[in-house]
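These notes concern the structure reproduced below.
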Amino acid sequence: MVEPSKPVDFIREIITEDIKNNKYESRVHTRFPPEPNGYLHIGHAKSICLNFGIANEFKGLCNLRFDDTNPIKEEIEYVESIKEDVRWLGFDWEDRLFYASDYFEQMYRYAAQLIKMGKAYVCDLSADEIREYRGTLYKPGKDSPYRNRSVEENLDLFERLRKGEFPDGSRTLRAKIDMSSGNINMRDPVMYRILHSEHHRTGNKWCIYPMYDYAHCISDSIEGITHSICTLEFEDHRPLYDWFLDQLNVFHPQQIEFARLNLSYTVLSKRRLIQLVQEGHVRGWDDPRMPTISGLRRRGYAPGAIRNFCERIGVAKRDSLVDIELLEYYIREDLNKRAPRVMAVLRPLKVVIINYPENQVEELEAINNPEDPGMGTRKVPFSRVIYIEHDDFREDPPKQFFRLAPGREVRLRYAYYITCVGIVKDEKTGEVVELHCTYDPKTRGGDSPDRRKVKATLHWVSAPHSIEAEVRLYAHLFTKPIPGEESGDFKTDLNPKSLEILKSCCVEPCLADAKPGDRYQFERQGYFCVDPDSIDKKPVFNRTVTLKDTWAKIEKSLK
RNA sequence: UGGGGCGUCGACAAACGGCAAGUCAGGAGAUUUUGGAUCUCCCAUGUGGAGGUUCGAAUCCUCCCGCCCCAGCCA
């Protein structure tokens, strides 16, 4: 069989060409450079798969580097979660865990060098003044009055900046480039700002911190990164990236930009994700409705499925919106092969099998996974009183409804054919609360000797043997493919029904000792994952994703 | 009114001057002890538009149109 070839994207093409031309001695070295100011999400997964994936494919290396140049926003909690998530996704940075803050001293020396070259200067303009002097998109900026200070004065001032002689915001170090450039990033960008703030790694050693544009290219250069892959919004920054490295005449990695991931029915910006958490729209960063890696993990998504998804969506430069159904497809594909099947009744309807002997219990054999016979079989207890799914009975069924109805015979999976012979209703509400059925003893195991057909097979749980469980059903967090597209505020499109909690579900006894993180298929319903909230004798399940549901589609078209 | 990018099916995405891949979604059927899974078939005479070059254009050229990003001492 021919192995399906992996998609070759424009980045891999560039790298292949570079290797051919012996650029960087045919070495490939990438990096994943998160800022530790939030949790990783599925969009980061795309970048992680790209950077680590390329390193693997080209027999190169990929570093994990924290871009920690802003002590005000960054926290140790985030670096720990990021490490865990990258590892969980299946990637290994080995001994190459770095921090931009590791290079602060070197960056300082390079900055001094730029000053000596007359390429950087200390500027006394306030933030507002800098903005004023910068001009606009359509109007060139004008030179700062401090632009032509002598090298000696600049050096002296820069040293005193470091010593902490000046308050926050009073001065900056700026690159001397071109205030009339069409590219605003080149209008004497700030390289260092004064921040008397404790850094999670360097403590109080520094009170000046480098800006991204300056820090990133130097970090890449120091680490010998060959291909510095980032998202499209940094395309405008590439001339600056190149400028610093050219002026300094140091090792010069190549920056390549690709389009970030957008997913329908979800938001993927840190700002909005943090808002969802802080304002309590979700229960935390790892809420199973969140597109964070920790949320997806708790939801039951497997790392391999996420990797398959990231590979399939490809890498390109055009803005795109990936249909979340594609993600769900890969989740199902993965779980279909691996998840053991069990029976669980989410909305129980009591069924008494009136011709089945009282007190009799049978152990029926059930297949754990029809996709993988190696997963074996198990025994499921059957008795006179069982629960079936409320939705599996209709007193007055529409034409395409194949399931149980008055007088109709259906199969109970791995058990017997049953026929509905009576309905018990709540006197006040008229709601169906119990069914009376008869069973055909000759259909034990679910096959009838006379080959007569039934149109439906129902899952069930024996009432006296069932275990009570809580099940949390999740739907998309937002009701619109692009949240906030119409109103301008993504929160107006929050889905009020994104979480439904069912407290008294009945699951089969083999689930008694399920462990948090275990994944199952509840037959005919979906894939479910045991939540860490589970307590002894009261498991909690998260619905990872539903099964494809043809009936739901029919029912919808009926309305 | 400046600079940088991008337009191929409902959604992703290949093609690199020579027959518009593939995946998801959607539709039809087969099969089925999960209305699951699996299998088969259908789904762009056409690549934002108009011209041009060429035996031949999604691909090269010209003009036009549309969309995204940039005016943090954030990354």
Respond yes when some side-chain nitrogen or oxygen of [X] is under 4.0 Å from OP1 or OP2 of [N], and no when none is.
X        : N     : answer
A:Arg193 : B:A75 : yes
A:Thr136 : B:G2  : no
A:Arg131 : B:G72 : yes
A:Thr550 : B:G36 : yes
A:Tyr212 : B:C74 : no
A:Arg134 : B:C73 : yes
A:Arg318 : B:U8  : yes

[options]: which one has an atom nearest the side-chain heavy atoms of [X]?
X        : options             : value
A:Val322 : B:G35, B:C70, B:C12 : B:C12
A:Glu371 : B:A75, B:G36, B:G35 : B:G36
A:Lys553 : B:A75, B:G27, B:G3  : B:G27

Any salt bridge (Lys or Arg N to Asp or Glu O under 4.0 Å) pairs touching residues 179-195 of chain A, not counting sequence neighbours?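 Qualifying pairs: A:Arg147-A:Asp188.
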
Charged tip of [X] within 45° of [Y] ring normal and under 6.0 Å:
X        : Y        : answer
A:Arg174 : A:Tyr121 : no
A:Arg162 : A:Tyr108 : yes
A:Arg411 : A:Tyr417 : no

Taking all atoms of both residues into account, what is the closest heavy-atom pair of A:Arg65 and A:Asp220, and its distance?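 Distance-wise, the nearest heavy atoms are NH2-OD1, 2.6 Å.
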
Who pairs with [N] - Watson-Crick or G-U, where each distance is under 3.5 Å:
N     : result
B:C67 : B:G5
B:A11 : B:U23
B:U54 : none
B:G72 : none
B:A37 : none

Taking atom types as they are modelled, would you say the side chain of [X] forms a donor-acceptor pair with the base of [N] within the 3.5 Å cutoff?
X        : N     : value
A:Arg524 : B:G35 : no
A:Gln521 : B:U34 : yes
A:Asp236 : B:G3  : yes

Taking the side chain as everything from C-beta on, heavy atoms only, tell me whether A:Trp551 gets closer than 4.5 Å to A:Phe401.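 Yes. Closest side-chain heavy atoms under 4.5 Å.
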
B:A20 versus B:C9 - spacing of their P atoms, nearest Å: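 Straight-line distance between the two P atoms is 16 Å.
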
B:G48 and B:U34, which share atom name P, separated by this distance in whole Å: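 To the nearest whole Å, 46 Å.
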
Please answer whether B:G2 and A:Tyr138 are stacked, defined here as ring centres separated by less than 5.5 Å and planes angled under 30°.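 A:Tyr138 vs B:G2: stacking no.
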
If the glycosidic angle is within 90 degrees of 0 it's syn, otherwise anti, so just tell me which one B:G72 is.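 Syn for B:G72; the angle stays within 90° of 0.
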
Nearest-nucleotide comparison on RNA chain B, the residue closer to the 5′ end among A:Glu235 and A:Ile554: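 By nearest-heavy-atom nucleotide position, the 5'-most residue is A:Glu235.
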
Reading RNA chain B from 5' onward, which residue's closest nucleotide shows up sooner: A:Val190 or A:Glu13?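 Looking at RNA chain B, the more 5' nearest nucleotide goes with A:Glu13.
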
